[in-house]
Amino acid sequence: MPDSEYRDIRMLNLFAQMADENFISLMRGAYVQNFPAQIELISEGEPSDFLHILISGSVDLFSAWNGRDTSLATVRPISTFILAATVKDAPYLMSARTLEKSRIALIPSQDVRAIFDADSNFARAIVTELAQCYRSVIKTQKDLKLRTSLERLANYLLRQQKRSGGGASFELDFEKRRLASVLGMTPENLSRAFKGLQPYGVTVNGTNIIVTDQIDLEHFAKPNPLIDDFSS
């Protein structure tokens with residue numbers, strides 16, 4: 001593993017406070033691999049053999065049942081996935097596939113559990129990260145259950161606008177079919193929802209979004225940090 005990637009992983013909150021010798025021991029069994037786009041990395045139901053760390057690229061976490069599938073989250077660098085299955089030594093509840101060419105570090109799950117028992121700072125960091133994941137799941141459930149499809153799309157656009165720097169014009173971070181899945185909608189419903197936001201100052205051209213009336217869109221969306229702030 002190149003020194004730059006080694007340092008980047010060390011700086012993650014999950015590893016930042018652990019003892020040097022424990023981090024070195026953990027990395028000793030790790031390896032880095034490059035994956036092309038649209039490669040399935042893990043399948044739900046399989047044993048959680050590795051903790052994955054996305055160094056570059058992006059990964060789609062998804063699930064499938066009875067001929068249907070849905071996107072659950074997008075992983076971006078530098079971050080881990082799927083930590084809970086690793087800690088519990090339980091089967092993956094989600095599948096993962098690369099959305100683009102991606103570079104991923106894999107740490108054997110048994111090594112993670114061994115260091116968890118030996119390093120209290122590492123154990124505390126794992127609990128903190130799992131708590132953050134739990135809070136994100138609750139916020140996602142609130143978004144799905146308390147808002148209409150039009151409200152979900154409006155608030156997603158406001159969040160994406162903020163991530164893109166806050167300008168009136170910005171790009172969607174993935175194609176519309178996948179966005180529909182993330183928002184719990186069909187592609188047809190998403191198309192109607194975009195049209196439904198036109199009176200609130202939203203113009204769409206492919207994946208480019210232009211907000212012409214920020215105040216009107218925010219008044220309609222009613223963003224709420226207890227739903228929309230995934231950093232806390």
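Heavy-atom basis, side chains included; hydrogens, waters and symmetry copies ignored.
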Quiz item: Pick from Ile104, Thr74, Leu99: which one makes a side chain to side chain contact (heavy atoms under 4.5 Å, CB included) with Val59?
Solution: Ile104
Excluding sequence neighbours, so at least two apart, what forms salt bridge (charged side-chain N to carboxylate O under 4.0 Å, His left out) with [X]?
X	answer
Arg159	Asp228
Arg76	Asp173
Arg192	none
Arg97	Asp60

Can you list everything that forms a side chain to side chain donor-acceptor pair (under 3.5 Å) with [X]? Sequence neighbours excluded, please.
X	result
Thr203	none
Glu218	Gln214
Arg135	none
Ser58	Glu100

Distance-only donor-acceptor pairs under 3.5 Å for side chains of residues 16-27, two or more places apart:
| from | atom 1 | to | atom 2 | distance (Å) |
| --- | --- | --- | --- | --- |
| Asp20 | OD1 | Arg10 | NH2 | 2.4 |
| Asn22 | ND2 | Asp119 | OD2 | 2.7 |

Exercise. Check for a donor-acceptor pair, side chain of Lys176 on one end and backbone N or O of Gly206 on the other, with a separation under 3.5 Å.
Key: yes
Show me the donor-acceptor pairs, under 3.5 Å and distance only, between side chains in residues 35-43 and residues at least two apart or in other chains.
| from | atom 1 | to | atom 2 | distance (Å) |
| --- | --- | --- | --- | --- |
| Glu40 | OE2 | Ser43 | OG | 2.2 |

With a 4.5 Å limit on heavy-atom distance, are the side chains of [X] and [Y] in contact?
X	Y	value
Ser169	Asn208	yes
Lys142	Leu226	yes
Ser149	Asn189	no
Leu197	Leu157	yes

Self-check item: salt bridge (charged side-chain N to carboxylate O under 4.0 Å, His left out) contacts touching residues 108-117 (sequence neighbours left out)
Solution: Asp89-Arg113
Self-check item: Mutual orientation of the aromatic rings belonging to Tyr92 and His52 [parallel < 30°, tilted 30-60°, perpendicular > 60°]
Solution: perpendicular
Exercise. May I have all residue pairs that pass ring pair (Phe, Tyr, Trp, His ring centres under 6.0 Å) and include part of residues 211-232, sequence neighbours excluded?
Key: Tyr200-Phe220
Quiz item: Please walk me through it: do Gln160 and Leu179 pass side chain to side chain contact (heavy atoms under 4.5 Å, CB included)?
Solution: CA-CA 12 Å; Gln160 179 60 19; Leu179 175 59; over 6 Å; no
